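Bear in mind the structure is a predicted one, so any value in this text is a computation, not a measurement.
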2 protein chains.
Amino acid sequence: MFDPLKLDVQLCFSLYTSARTIIRKYKPFLDPLNITYTQYICLLVLWEKDMISVKELGERLMLDSGTLTPLIKKLEKQGYLKRVRSQSDERMISIELTELGIELKEKAKDIPESIVQSLNIEISDAIELKNRLDDFIRKNPE
Amino acid sequence: MFDPLKLDVQLCFSLYTSARTIIRKYKPFLDPLNITYTQYICLLVLWEKDMISVKELGERLMLDSGTLTPLIKKLEKQGYLKRVRSQSDERMISIELTELGIELKEKAKDIPESIVQSLNIEISDAIELKNRLDDFIRKNPE
DNA sequence: TCCTATTAGATTGTATACAATCTAATAGTA
DNA sequence: TACTATTAGATTGTATACAATCTAATAGGA
């Protein structure tokens, strides 16, 4: 008999478990750089576009200032970035990579490839899965 | 030019975001029961099989005692379960639903259906996505 | 039986997530 | 211009995750 109150049946649990599983895979590659997964994705955004506000970073990662403020301060303490009060609008903080932060990009460049190698998944399946997830995210905003 | 250090390219971020997105969808349905998503999935396991150890629950959810111990104590404080030291092996704790915990199953019975309704996704797509995720989890253990 | 290894769960410490609230700055408007 | 609303980011409080360590109990030999 089909019971929707079964853990095994619920999509959410599969998403939750998959996310934790893959984030765990990043750990051995991020530990040497002394950063966490969330810090890593912040840096990914900054490596793409430097000098953005906390708000813009938050929109990109779908995280709020409650999560980002302490995290950015930790990256600042490690010397990877600076927090600069904007001149034009003093409510805003501009996050700016330091030399060290820019250099870190080079050290992190092989991580995506290493992750793909460490995952037991075909590239085509990974792409298909990612497309389906992005479709899901797109259709379920907020 | 394809850059693997782009956030948008990485499967992990899609998983991470999808998981947070769908867990957020549970909140309006779980808030009235005064439980969180993680507490809910613990109860899902117990509603399926009562009187299990912390270890067995942990294996089912892939969570360790560091996460589960405080969480189970909160559910105990709310009166949904009892923690009973096993007679045969005093290292083990048996988690046992109370009347209140059993009654909660009835109150939670419509949640899966409500979630499906609230998600903008076709059932067939949800099933396909879930199958792919479960395949991914199965192939990437630990 | 005695000793060592293992195991179950608890505890500690760090790092998110996220709701709710707060503060200071800016925008919008009468 | 004076007033109100909005906005950016910080702060507070709660609840995970998870590594590392600790403790007590059991298992498995010599």
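When the P atom of D:dA19 is taken as reference, atom OH of A:Tyr26 falls 17 Å away, rounded to whole Å. Atoms CD (A:Glu90) and C1' (D:dT6) sit 18 Å apart, rounded to a whole Å. Rounded to an integer number of Å, the gap from B:Leu63 CG to C:dA8 P is 16 Å.
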Considering only distance and modelled atom types, tabulate donor-acceptor pairs under 3.5 Å from the side chains of residues 99-109 of chain A, sequence neighbours left out.
none

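Connectivity analysis of hydrophobic side chains (ILVMFWY, heavy atoms under 4.5 Å, direct or indirect) links A:Met51 to nothing; its cluster partners are none. Its side chain within the 4.5 Å cluster rule, B:Ile127 clusters with B:Val116, B:Ile123 among the Ile, Leu, Val, Met, Phe, Trp and Tyr residues.
A residue-by-residue look at B:Gln87 and B:Ile23 shows that B:Ile23 has its nearest nucleotide of DNA chain D further toward the 5' end.
Remark: D:dT12 base-pairs with C:dA19. Criterion, Watson-Crick or G-U wobble with two distances under 3.5 Å. The pairing partner recorded for C:dA5 is D:dT26, the criterion being a Watson-Crick or G-U wobble arrangement whose two distances lie under 3.5 angstrom.
By the ring pair (Phe, Tyr, Trp, His ring centres under 6.0 Å) test, B:Tyr80 is found to be paired with no residue, residues two or more places apart in sequence or in another chain being considered. Partners of B:Tyr16 according to the ring pair (Phe, Tyr, Trp, His ring centres under 6.0 Å) rule, which considers only residues two or more places apart in sequence or in another chain, are A:Tyr37.
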Between the protein and nucleotides 2-5 of chain C, list every N/O to N/O distance that falls short of 3.5 Å.
none

Reading nucleotides 9-16 of chain C from 5' to 3' and marking B where a protein heavy atom lies under 4.0 Å of the base, S where only the sugar-phosphate is that close, and - otherwise, the string is SBB---SS
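Listed by first then second residue, pairs satisfying salt bridge (charged side-chain N to carboxylate O under 4.0 Å, His left out) with a partner in residues 10-32 of chain B read A:Glu142-B:Lys25, B:Lys27-B:Asp31, not counting sequence neighbours. Pairs passing the salt bridge (charged side-chain N to carboxylate O under 4.0 Å, His left out) check and including a residue from residues 63-81 of chain A, sequence neighbours excluded, read A:Glu76-A:Arg83.
Checking each of A:Arg85, A:Arg91, A:Gln87 against A:Asp89 for a side chain to side chain donor-acceptor pair (under 3.5 Å) leaves exactly one that passes, namely A:Arg91.
The shortest distance between the side-chain N/O atoms of A:Arg20 and the OP1/OP2 oxygens of D:dA17 is not below 4.0 Å.
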